[in-house]
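Chain letters run A, B, ... following the sequence lines, proteins first, then strands; residues in each count from 1. Because only heavy atoms are used, hydrogens play no part in the values below, and waters and symmetry mates are left out as well, while side chains stay in.
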Amino acid sequence: MKEKYEPSGVEFKWQRYWAEKKLFVSKADHARQKFYCLEMFPYPSGEIHMGHVRNYVIGDVIARYKRMRGYNVLHPMGWDAFGLPAENAAIKHGVHPSKWTHGNIEKMRRQLDSMGLSYDWTREVTTCKPEYYKWNQWFFLKMLENGLAYRKDSYVNWCPSCMTVLANEQVIDSACWRCETPVTQKRLGQWFFKITEYAEELLKGCDELQGWPERVIHMQKNWIGKGEGVEVDFPVEGMEEKLRIFTTRPDTLFGVTFMCIAPEHPLTEKLVKDRKSLETIESKYGKGDEKIGLDTGYFAINPLNRDRIPIFVANFVIMEYGTGAIMSVPAHDQRDFDFAKKYDLPVKVVILPEIPPNPPLIKGGSPNLEQLTEAYEDEGILVDSGQFTGLRSEIARQEIIRFIEEKELGRSAVNYKLRDWGISRQRYWGTPIPIVYCDRCGIVPVPEESLPVILPEDVKITGKGGSPLLESRTFLSTDCPRCRGKARRETDTMDTFVDSSWYFARYCFEKGDIDLPACLSAPKSEFTYWMPVDQYIGGVEHAVLHLLYSRFFTRVMRDLDLIKISEPFQNLLTQGMVIKDGAKMSKSKGNVVDPNYLIEKYGSDTARLFSLFAAPPEKDLEWSDRGVEGAYRFLNRIWGIVYKNRRNIQNSLSRVDYRTLRPGASGLYRKTHQTIKKVTTDIEREYHFNTAIAALMELVNEITSFQPETGEDRATFKFAVQQVILLLSPFCPHIAEELWEATGHNPSVIEHKWPEWDEDAAREDTIELVIQVNGKLRSKTLITRGTPDEEMKKIALEDEKIREIAGNKKIKNVIVVKGKLVNIVIGE
RNA sequence: GCCGGAGUGGCGGAAUUGGUAGACGCAAGGGACUUAAAAUCCCUCGUUCCGAAAGAACGUACCGGUUCGAGUCCGGUCUCCGGCACCA
């Protein structure tokens, strides 16, 4: 052991040791309790950033802690290797995406290893390898077979800069999620996964995700966006077709004064003759707050009260939700209200608040329009609503739905905001969609036995036009699997979110070319052993996209009879961002801290310790250079303690009777047990590593101020130091290994059992009794543990300071909190 | 607009069920060691009153309530952060 702590040598030594001894290679063992710890795999951009460091360090601490607790831990890592940046690099630097990606993976794997992360690399997943994406294609075929994948012409979000279609989830503030270019609409033939088929199940499943943060569950529920209501058919004057609308507020049906349909609604073409005006509406479609409409001149009839109401085409009505047509109730919907004001349409109040406002909404039987400056959207009592007048909204809804169904005017219906998942991308670096277009047979799926459809390497990536695959003759032209005639391959590739929707399942098996369905469905398979993921850790930015798709895919796998579970991730931890100077670290803001630099200067143990200590994992972490220094200082102190006392520690007794220790030593002994307890419970309770580390620091402070004199003292000292090393090892594994060895143990500390505390040893004999007067702290005094309440009361009342304060005043009451506090209530 | 989450010293953050507010760390100030500096070690460190100590008052965004006792519970207000956003 060196006198001075030199992290780089120590860390390299132990990283090699772990790798050589294969300490992190896991094996399914149905006799042992498992723990599957997973961090979201990175995109191999080439550089590890602070966000990665934080994510992976949290996961590593959990994995290492669970290993010491005796679990059979699976802790894998891989690469989300398909995606746009590889193509951008190809355009910019002329490197092939494959070469660029694999080079980055090598680089990043080394960086991860330099952080001492305990991964089982024998299970490494790389999504751009045919042995992996082959199964994307297989899942696609199975979904096609089961009606869960389909092709549809539709308007899609088109990024003019990336020249590709974006999923709804990839559009942020009507701009591209990557380059922020405003998104336009384009009509294209697209492949979709029918995630809406699972909308209800995915929503209900949310309630069983007890180990997930509430905000993520809220976001998922919000995203699925269930709306319960009713569909009603409105007859149109002079037309056979009825206009079907969807509403969640049937209690407002008597207040309809106009109707609006979406520009792409099938009836629009029939109703509107004026093409030019329609184009104006279309150009403002879905943009901004301005609501514009076009009066079709046609009228619909309210089937409930026979009111004759005008039909408009409006830019704010979405075709994809509900029926693409709405009934407008300006008195009780703000958008309709704004629209009515603009086009001077009548407002009819049909709901009054239970507690009438002053001045009233209705005056002499008609709306008090001066008072009505905005829509009344809350519930209330129905007025002017035929036989439903006088009912409360909640009751009226049920009654009206029943009436509509009885008279066959419509039916109750449920709508979701969730749309089907468009997976087609006009890009090169992704999984080819296994489809062939044949002039004679049409759309033909590639047969299972022909998988994988290999992504050709011999393409030129220029960044101009559509997919580079269009220019690859060898890829493009093929034989139709059905008629053997000439056919053309699908050139679209899959959204990379497909790759990450099941990678957690792939980790259950060793890397290489496996028969995935056979492996998954085998009885007592490795999948059934390892899954579900016990702890998943990643950024909150994936709260809806990746996490929802994974839940969907798991259900699809279940319904393909491959697996039995429905939910992939039992517990989810969404770690906060890494902040510097008040903003998220990013290259564009120029506030990044390079992890490599940090590791070189202080070592990865310091980097790990700081990122764990500065904030609890779910909160944002404010970067502080001085804080890093502090973490480094702490490790140096421990090193110094062990170095200075190495002979004592090695030679001292290992067993003494701790009950007969002199006060100083017994204090340290007690503190040690208290620390084991505190560190353990802090980790168990929501992974509060910051307070666990604070407790370790307290113990180290006590060790520092303890001067061993007797043999028993030295044994106590040794015990305390050993426990510090053990408790520190998940956080700072390299230095822990080195110190463990230096104190005369055989490696490896990480194979050692997690320490246990003795409740009796941790308990304090003397307690500081807090004495309050009228709830204010007035005095403190020491009492022995177990002092009865009556005795505590007596001690408090006899306390000198208390007598001084209380004087002759009347004591009204005395409250005793067992073993803690006495509060004396006195009068004036 | 809707839905979440959060507001505690100079800073990051503790306070687990209503019971000593500010653990631990950082920064700052003072001291020891040193020719000097760095490193290390020791002391002080919420605000105000006081020369200091003792002591007291105030203090967990703001206002009010419940309680013997509130950072914690209840009602209201404000601010910040995040998500969704014409979803009928």
Side-chain angles (χ1 to χ4, degrees), chain A residues 172-174 213-223 225-227 229 245-249 252 259-260 285-291 314-318 320-329 332-336 338-339 377 415-419 540-541 543-544 576-577 579 609-610 613-616 618-631 633-634 636-637 640 678 681-682 685-686 688 690-698 700-701 704-705 768-780 801 812-818 820-826:
Chain A
I172 294 153
D173 292 332
S174 42
E214 235 175 290
R215 60 172 173 159
V216 174
I217 292 182
H218 276 290
M219 278 156 90
Q220 292 226 344
K221 283 187 174 175
N222 209 346
W223 192 265
K226 185 178 183 175
I245 59 94
F246 171 74
T247 180
T248 55
R249 289 296 299 272
T252 64
M259 312 207 44
C260 292
Y285 177 66
K287 272 190 219 155
D289 283 336
E290 199 200 350
K291 290 170 187 56
N315 68 328
F316 66 94
V317 181
I318 302 163
E320 284 79 26
Y321 184 78
T323 60
I326 60 165
M327 61 178 212
S328 292
V329 187
H332 306 293
D333 182 289
Q334 192 57 44
R335 285 160 307 165
D336 297 346
D338 296 341
F339 195 87
E377 295 187 329
N415 272 294
Y416 300 91
K417 291 181 194 172
L418 184 71
R419 315 279 165 77
V540 75
E541 66 271 21
V544 275
M577 296 183 295
I579 303 283
L609 187 68
F610 169 74
F613 179 62
E618 70 281 2
K619 278 203 175 180
D620 287 350
L621 183 151
E622 176 77 37
W623 188 262
S624 151
D625 292 335
R626 307 309 300 260
V628 177
E629 299 266 359
R633 209 173 297 158
F634 175 67
N636 271 292
R637 279 180 62 205
K678 173 86 176 138
T681 54
D682 280 356
R685 183 176 57 93
E686 313 274 330
H688 280 184
N690 57 331
T691 51
I693 291 165
L696 266 177
M697 287 173 169
E698 281 188 59
V700 169
N701 288 345
T704 309
S705 53
E768 197 172 51
L769 174 67
V770 173
I771 308 170
Q772 297 180 331
V773 175
N774 289 344
K776 281 191 177 166
L777 174 72
R778 290 300 176 202
S779 182
K780 291 179 195 176
K801 274 183 213 150
K812 286 183 180 166
N813 197 5
V814 180
I815 284 133
V816 180
V817 180
K818 212 172 214 11
K820 230 180 202 174
L821 170 147
V822 174
N823 186 16
I824 298 157
V825 188
I826 61 172

Report yes or no: is there a donor-acceptor pair, N or O only, under 3.5 Å between the side chain of A:N222 and the base of B:rC84? no
For the side chain of A:Q772 and the base of B:rG19, is some donor closer than 3.5 Å to an acceptor across the two? yes
Considering only atom [atom1], compute the distance from [N] to [M] and round it to an integer number of Å.
N	M	atom1	result
B:rG18	B:rC24	P	25 Å
B:rG7	B:rC63	C1'	16 Å
B:rU16	B:rG82	P	29 Å
B:rA38	B:rA52	C1'	35 Å
B:rG69	B:rC87	C1'	49 Å
B:rC84	B:rC11	C1'	34 Å
B:rA61	B:rC49	C1'	26 Å

Any idea if B:rG25 is syn or anti, going by the 90°-from-0 cut? anti
Reckon [X] touches a base, only the sugar-phosphate, or nothing at all at heavy-atom distances under 4.0 Å?
X	answer
A:R335	base
A:K820	sugar-phosphate
A:D620	sugar-phosphate
A:V540	nothing
A:E768	base
A:N636	nothing
A:K678	base

On RNA chain B, does the nearest nucleotide to A:T681 precede the nearest nucleotide to A:K619 from the 5' side, or the other way round? Give the residue. A:K619
Sorted by position of nearest nucleotide on RNA chain B, 5' first, the leading residue of A:S705 and A:N690 is A:N690
For B:rC41, does either OP1 or OP2 sit under 4.0 Å from a side-chain N or O belonging to A:R637? yes
Say you draw a straight line from CG of A:L418 to CD of A:Q220; how long is it, rounded to the nearest 0.5 Å? 10.0 Å
What's the closest nucleotide to the [X] side chain, out of [options]?
X	options	value
A:R626	B:rA27, B:rC68, B:rG83	B:rA27
A:D682	B:rU16, B:rA14, B:rG5	B:rU16
A:R778	B:rG5, B:rA56, B:rA88	B:rA56
A:A614	B:rG55, B:rC24, B:rG12	B:rG12
A:R419	B:rU20, B:rC87, B:rC86	B:rC87
A:R633	B:rA14, B:rU40, B:rG83	B:rU40

Could you write out RNA chain B as a dot-bracket string, with dots for unpaired bases, | for bases paired across to another strand, and Watson-Crick or G-U pairs counted at under 3.5 Å? (((((((..(((......[....))).(((((.......))))).((((.....))))..(((((..]....))))))))))))....
Sub-6.0 Å ring centroid separation between A:F634 and A:F613: no
Length of the CG-P vector between A:D333 and B:rA85, whole Å: 18 Å
Count the heavy atoms belonging to other residues, nucleotides or ligands that lie under 6.0 Å from CD of A:E686, then report whether that count exceeds 12. no
